[in-house]
Amino acid sequence: MPSGPRMTMPTQALLRVLLAEPERDWYGLELCELAGMPSGTVYPILARLEQVGWLESRWEEPETHAGRARPRRRYYRITADGAEQASDAVARAYRARRQQAPAWLPRPGAAGGGS
């Protein structure tokens, strides 16, 4: 299996949504809305996450879709292994970002000036 995906900010944002409810099936446009990103950003990330085995997907059953005025949905769910690896990867990316932050930026939890 390939190593994990690049942990870009959009990838991290999407993973945070997926990790919020790891047992849930999410459809693509719902993920776009919750992550605050356009479909042209989200769908390629979903494809990469599925390719590395962090996600699995399935198409909505035709019987469920019949009679609805919308396209058939593809549902995504983070795998158990994917949830573990994604949690670790998001945490590592966060720590790396904090270490690279300029010294003049206030650190979360650090005592700062009054308001």
Side-chain angles (χ1 to χ4, degrees):
M1 178 189 315
S3 63
R6 281 187 52 229
M7 293 305 294
T8 62
M9 295 302 285
T11 299
Q12 292 173 54
L14 185 57
L15 285 171
R16 283 189 201 96
V17 172
L18 292 161
L19 290 167
E21 293 183 63
E23 300 296 321
R24 182 173 169 192
D25 289 334
W26 306 86
Y27 61 93
L29 290 178
E30 176 181 39
L31 290 168
C32 293
E33 182 178 314
L34 292 170
M37 295 182 287
S39 61
T41 300
V42 170
Y43 284 106
I45 294 169
L46 290 171
R48 286 191 294 274
L49 294 174
E50 191 168 16
Q51 186 177 10
V52 297
W54 289 14
L55 286 184
E56 53 192 17
S57 69
R58 66 174 176 80
W59 283 101
E60 179 176 44
E61 294 298 323
E63 304 81 44
T64 305
H65 175 260
R68 299 194 180 181
R70 61 169 172 74
R72 191 171 168 206
R73 291 178 176 162
R74 186 170 184 175
Y75 286 97
Y76 299 87
R77 180 183 288 201
I78 196 161
T79 63
D81 191 43
E84 184 177 324
Q85 291 181 49
S87 292
D88 291 344
V90 168
R92 280 192 311 273
Y94 175 77
R95 285 191 303 271
R97 242 186 4 265
R98 278 193 55 182
Q99 291 172 351
Q100 294 173 358
W104 56 267
L105 283 178
R107 305 263 184 214
S115 47

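- A heavy-atom distance below 4.5 Å is not found between the side chains of L14 and T41.
- In this structure a side-chain-to-backbone donor-acceptor pair under 3.5 Å is present from R72 to E60.
- For P5 against L49, the heavy-atom pair with the smallest separation is CG-CD2, 3.5 Å.
- Scanning both residues, S39 and L29, for their nearest heavy atoms gives CB-CD2, 4.5 Å.
- With sequence neighbours excluded, the residues that form a side-chain contact (heavy atoms from CB on, under 4.5 Å) with R24 are E21, W26, E30.
- Nearest heavy-atom pair, A86 versus I78, reported as atom, atom and distance to 0.1 Å: CB-CD1, 4.1 Å.
- Side-chain atoms of S87 never come within 3.5 Å of backbone atoms of L19 as a donor-acceptor pair (strictly under, hydrogens ignored).
- With salt bridges taken as basic N to acidic carboxylate O contacts below 4.0 Å, none links E61 and R73.
- Counting heavy atoms from C-beta outward, L18 and L55 have side chains that approach closer than 4.5 Å.
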message: Determine whether V42 and Y76 satisfy the following criterion, side-chain contact (heavy atoms from CB on, under 4.5 Å), listing intermediate values before the conclusion.
response: CA-CA 12 Å; V42 170; Y76 299 87; over 6 Å; no
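- Sorted pairs that involve residues 8-17 and meet salt bridge (charged side-chain N to carboxylate O under 4.0 Å, His left out), not counting sequence neighbours, are lacking altogether.
- Applying the salt bridge (charged side-chain N to carboxylate O under 4.0 Å, His left out) test to every pair with at least one member in residues 32-49, sequence neighbours left out, gives no pairs at all.
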- request: Carefully, step by step, assess R77 and E50 under the rule salt bridge (charged side-chain N to carboxylate O under 4.0 Å, His left out).
  value: CA-CA 9 Å; R77 180 183 288 201; E50 191 168 16; over 6 Å; no
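- Using a 4.5 Å heavy-atom threshold, the side chains of S57 and R74 count as touching.
- Between R58 and D25 the shortest side-chain heavy-atom distance falls below 4.5 Å.
- Between W54 and L15, the closest side-chain pair of non-hydrogen atoms falls below 4.5 Å.
- Shown here is R6, whose CZ atom has no more than 12 heavy atoms of other residues, nucleotides or ligands within 6.0 Å.
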